[in-house]
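Below: the structure, in structure tokens.
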Amino acid sequence: MNVIQQFVVAALVVVGSFFLLVGTVGLIRFPDVYNRMHASSKAATLGASSILLAGFAYYGPQGAGLTSLVGIVFLFLTAPTGAHLISRSAQKMGVPFFGQDADWPEEESGSD
Amino acid sequence: MASDPALLGTVVDAALVLAAALTLFAGYRVIEGPTVPDRVVALDTIATNVVAMAALFALSTGEGLFVTVSLVLAIIGFISTIAVSQYVIEGDIIE
């Protein structure tokens with residue numbers, strides 16, 4: 001492994017752990033379940049994807065590197081889906097919003 | 001192919017320690033979270049952190065098999081999130 005590849009892997013690992021840190025701090029400190037879901041679904045997913053991209057840069061385009069790319073695609077497909085499902089179930093359970101001026105958009109009668 | 005101990009090993013080990021500490025801190029939200037969706041979101045974050053930790057372990061030991069382990073853990077986390085969110089609003093997973 002040459003120096004450039006080693007540097008790229010180290011930089012991707014540093015960026016990914018920074019985004020994991022941001023996502024977990026947002027999960028702990030945000031005031032509302034919807035805001036916490038925002039932090040966890042975007043920042044933590046980006047951190048894990050960056051670390052998997054470091055795995056792709058480490059292992060090359062075959063074998064474990066290809067599995068890393070499949071993992072990135074899977075995370076980018078499933079993290080918004082899971083966050084949307086939890087948000088919908090929280091809204092159906094009646095979990096209140098943190099701010100009073102936030103509201104769901106008006107239902108359009110007729111369409112769907 | 002073990003990782004070079006000069007730069008990469010130190011960075012990957014530090015990132016492993018950081019990810020493990022962040023997983024423990026997310027456990028605070030699982031215990032303390034006021035509502036059930038808070039706990040589900042925190043468990044989802046823990047699952048994402050464990051995926052990153054498995055990928056970092058694959059970088060640390062040089063075993064490419066642990067990337068597959070991280071993919072399987074991602075699938076398990078997604079399915080458990082969907083199952084719990086369906087159970088919370090419907091009272092049943094498959095009706």
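Sequence lines set the chain letters: A, B, ... in the order given, protein chains first and strands last, and positions in each chain run from 1.
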Original post:
Can you check side-chain contact (heavy atoms from CB on, under 4.5 Å) on B:S80 and B:L43, steps first, answer last?
Top reply: CA-CA 9 Å; B:S80 61; B:L43 285 172; over 6 Å; no
**OP:** Assess whether salt bridge (Lys or Arg N to Asp or Glu O under 4.0 Å) is satisfied between A:R36 and B:D38, documenting all intermediate values.
**Re:** CA-CA 8 Å; A:R36 282 170 199 148; B:D38 281 316; 2.6 Å; yes
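Put simply, the side chain of A:D32 never gets that close to the backbone of A:N35: no donor and acceptor are under 3.5 Å apart. Of the possible donor and acceptor atoms, one in the side chain of A:S89 sits under 3.5 Å from a partner among the backbone N and O of A:I86. Listed for the A:S17 side chain is a donor-acceptor partner under 3.5 Å among the backbone atoms of A:V14.
Here B:R29 is the residue among B:E32, B:M53, B:R29 with the most heavy-atom pairs under 4.5 Å with chain A. Between chain A and the residues B:L65, B:D44, B:I75, the most heavy-atom pairs under 4.5 angstrom are made by B:I75. Among B:I46, B:V51, B:L71, the residue making the largest number of heavy-atom pairs under 4.5 Å with chain A is B:L71. Between chain B and the options A:T45, A:L75, A:I28, heavy-atom pairs under 4.5 Å are most frequent for A:I28. Ranking B:A15, B:A21, B:A55, B:A74 against chain A, the residue ahead of the rest is B:A74, based on heavy-atom pairs under 4.5 Å. Between chain B and the options A:T24, A:I51, A:V70, the largest number of non-hydrogen pairs under 4.5 Å is found for A:T24.
B:L22 touches chain A through backbone and side chain together, each having a heavy atom under 4.5 Å away. Neither the backbone nor the side chain of A:A39 has a heavy atom closer than 4.5 Å to any heavy atom of chain B. For chain A, the nearby part of B:S70 is the side chain; its heavy atoms alone come within less than 4.5 Å. Heavy-atom distances place the side chain of B:Y28, and not its backbone, under 4.5 Å from chain A.
In this structure, A:T78 OG1 and B:I79 CD1 are separated by 10.0 Å, a value rounded to the nearest 0.5 Å.
Among all heavy-atom pairs drawn from A:A64 and B:V67, the shortest one is O-CG1, 3.6 Å.
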